[in-house]
Amino acid sequence: MYGGGNTFESVKFEGLENEDPQKLAEFEARIERGEKIEPHDWMPQLYRKQLIRMIEQHAHSEIIGALPEGTWITRAPGFKRKLALMAKVQDEVGHAQLLYSAAETLGKSREQMIDDLIEGKSKYSNIFNYPAFTWADSCFISWLVDAGAIVNQMANARGSYGPYCRALERICAEESFHLKYGHHCVIHMATGTPKQRQMMQEAIDRWWGPMMHFFGPPDKVSVHTEVLMRWKVKMASNDDCRNQFLDMYVPKIWELGLTIPDPNLRKNPETKKWEYTEPDWDEFKRVINGDGPCNKERLAVRRVAEERGKWVRQALLRPKTEYVTPLA
Ligand code: BYC
């Protein structure tokens, strides 16, 4: 993610003491009963603020996430791969639309969210700030980044805020096709020529660190987990999602005869948890604060898209304009 401001600062229960205690207790009881909170229901300011932050970042991640794979549409090997990748990229942009709509229900306009993104004030997932050098990088994203996203989203789809949960449900259904497509691409590479296997292995070596970062900092330093889990926005912690991802996908990667660039990676038979070398968290902080290999390029592309699409938005904002009658 890029820019931001409050990364790793202590913002846990900011402002909660100013809320009406009775309303707060009723709100928390509803969440405890598993009810969904809807846009017009009473909610503490901090719940609103946290949801806007998280859903907005998620929306930006989808739209920026379309960029590294998007560059592979014209270069995808063969017509079927091109068709499938084009559909996938289109889905990701559609996910952003769903998520921007969900965030808008909380009172922040889409224009403001996009402005914050292109001005570097808002954030998006660390992983999309790395370059997709080869076709194998695109295969890695389609299979494993989507797999990581599904682990996180399947959990959070059972959360407390109605519009976000409904968006996540639909997103997960579409992502499951991406996952199948991505897995198929990786199997093809892993069982192909020695050159293809080597390309796939190099992609795993390049992307493993950012993939471990993808689930967020370790629970013990995560700033927002406590409040988000108390209000059932986040239904699994960063470490739990990372562990679930490792549990589901490390065996599948090994099954293909590919390796993972971490000599300490193993499942502890007693704790049933995965042990691994901590990824470079300084690199993570640099990347989410705007200093990754592609941050500037990603935002520049969005800025150009925003500039070029301005005339369309302006035309749509003039509902009384009489349109030219079609000739036929
Ligand atoms: N990247 O307190 P923490 C996709 C930030 S798109 C960057 O643990 P939280 C796809 C965090 O924002 C799907 N920044 O935060 C698309 C916070 O900074 P601020 C992407 C990160 O919110 C196209 C600080 O670090 N999925 O899959 O409790 C093609 C402290 O962290 C990251 C989502 O967006 C990161 N990875 O937990 C293919 C899921 N992690 O805001 C695929 C929705 C942490 O205080 N988001 N930070 O300045 C979430 O579930 C949660 O926000 C996170 C972080 C688990 C990511």
Side-chain angles (χ1 to χ4, degrees), residues 1-2 57-100 117-118 123-153 170-190 192 196 199-215 245 249 252-253 258 287 292-306:
M1 299 187 183
Y2 188 36
Q57 289 179 1
H58 192 165
H60 296 331
S61 303
E62 299 280 356
I63 214 160
I64 297 279
L67 300 179
E69 284 182 299
T71 62
W72 277 97
I73 293 173
T74 52
R75 296 173 288 166
F79 185 61
K80 283 187 182 161
R81 290 283 193 244
K82 270 191 221 306
L83 275 182
L85 183 58
M86 204 170 354
K88 177 185 188 304
V89 168
Q90 191 175 316
D91 281 355
E92 307 297 2
V93 178
H95 296 169
Q97 303 295 347
L98 288 173
L99 291 162
Y100 283 128
L117 172 69
I118 59 184
K123 302 186 170 185
Y124 57 87
S125 185
N126 69 298
I127 203 150
F128 304 119
N129 289 307
Y130 293 85
F133 288 127
T134 69
W135 170 246
D137 292 327
S138 163
C139 300
F140 182 101
I141 299 175
S142 298
W143 185 31
L144 293 166
V145 179
D146 276 76
I150 292 178
V151 166
N152 166 294
Q153 291 162 181
R170 167 143 177 211
I171 291 172
C172 285
E174 293 184 358
E175 301 270 29
S176 60
F177 286 100
H178 302 171
L179 188 74
K180 283 191 201 312
Y181 154 78
H183 195 194
H184 191 260
C185 290
V186 174
I187 292 173
H188 190 83
M189 296 291 282
Q196 284 173 310
M199 276 171 68
M200 199 60 240
Q201 184 58 59
E202 286 170 1
I204 294 176
D205 295 347
R206 270 196 291 276
W207 288 79
W208 192 252
M211 188 72 232
M212 293 292 280
H213 290 151
F214 178 79
F215 300 94
F245 169 81
Y249 293 96
K252 289 190 170 63
I253 296 171
L258 297 163
V287 171
C294 298
N295 299 56
K296 290 185 182 64
E297 179 189 325
R298 300 285 184 249
L299 291 195
V301 172
R302 288 308 321 156
R303 246 177 247 125
V304 168
E306 196 54 20

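Bear in mind the structure is a predicted one, so any value in this text is a computation, not a measurement. Numbering starts at 1 and runs along the sequence shown.
The closest donor-acceptor contact from the side chain of N126 to the backbone of P210 lies under 3.5 Å. Within the 3.5 Å criterion, the main-chain N or O of C139 finds no donor-acceptor partner in the side chain of S142.
The side chain to side chain contact (heavy atoms under 4.5 Å, CB included) check on L67 picks up I64, R298, V301, with sequence neighbours excluded.
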(request) Evaluate the criterion side chain to side chain donor-acceptor pair (under 3.5 Å) for residue pair Q57 and H60; output intermediate values, then yes/no. (result) CA-CA 5 Å; Q57 289 179 1; H60 296 331; over 6 Å; no
(message) I'd like to know whether T134 forms a side chain to side chain contact (heavy atoms under 4.5 Å, CB included) with E202, so could you lay out the CA-CA distance, the side-chain angles of the two residues, the decisive distance to 0.1 Å, and finally the verdict.
(response) CA-CA 10 Å; T134 69; E202 286 170 1; over 6 Å; no
(request) Show your working on side chain to side chain donor-acceptor pair (under 3.5 Å) between H58 and E62 and close with a plain yes or no. (result) CA-CA 6 Å; H58 192 165; E62 299 280 356; 3.2 Å; yes
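The closest side-chain heavy-atom distance from V151 to F214 is not below 4.5 Å. Residues I63 and Y100 are in side-chain contact: their nearest non-hydrogen atoms beyond the backbone lie under 4.5 Å apart. V145 is listed as a side-chain neighbour of F140, based on a closest heavy-atom distance under 4.5 Å. By the 4.5 Å heavy-atom criterion applied to side chains, W135 and M189 are counted as neighbours. Under the 4.5 Å side-chain criterion, counting only non-hydrogen atoms from C-beta, E69 is not in contact with H178. With contacts defined as side-chain heavy-atom distances shorter than 4.5 Å, the pair D146/E92 qualifies. When side chains are defined from C-beta on, K88 counts as touching Y181, because their heavy atoms get closer than 4.5 Å. Residues V186 and L144 have side chains not in contact (no heavy-atom distance under 4.5 Å, counting atoms from C-beta outward).
Note that CG of L179 and CD of E174 are 14.0 Å apart. Values are rounded to the nearest 0.5 Å. For the atom pair N129 CG and N295 CG, the distance stands at 3.5 Å (nearest 0.5 Å). For the atom pair K80 NZ and H184 NE2, the distance stands at 9.0 Å (nearest 0.5 Å). Residue M211 holds its CE atom at 11.5 Å from CD1 of I204, rounded to the nearest 0.5 Å. In this structure, CG on D137 lies 4.0 Å from CZ on R206, to the nearest 0.5 angstrom. With values rounded to the nearest 0.5 angstrom, I127 atom CD1 is found 7.5 Å from I141 atom CD1.
Nearest heavy-atom pair, K82 versus T74, reported as atom, atom and distance to 0.1 Å: NZ-O, 3.0 Å. Residues C172 and Q153 approach most closely at SG-CB, 3.5 Å, considering heavy atoms. Considering every non-hydrogen atom in both A96 and A59, the closest pair reads CB-O, 3.5 Å. Closest non-hydrogen pair, P293 versus Y130, comes out as CG-CD2, 3.9 Å. Taking both residues in full, the closest heavy atoms of S176 and A173 are given as OG-O, 2.6 Å, listed atom of the first, atom of the second, then distance.
The aromatic rings of W143 and Y249 sit perpendicular, their planes meeting at an angle over 60°, well past the 30° parallel limit.
Around atom CD of Q97, more than 12 heavy atoms belonging to other residues, nucleotides or ligands sit under 6.0 Å away. Crowding of R75 atom CZ: a count of heavy atoms from other residues, nucleotides or ligands under 6.0 Å exceeding 12.
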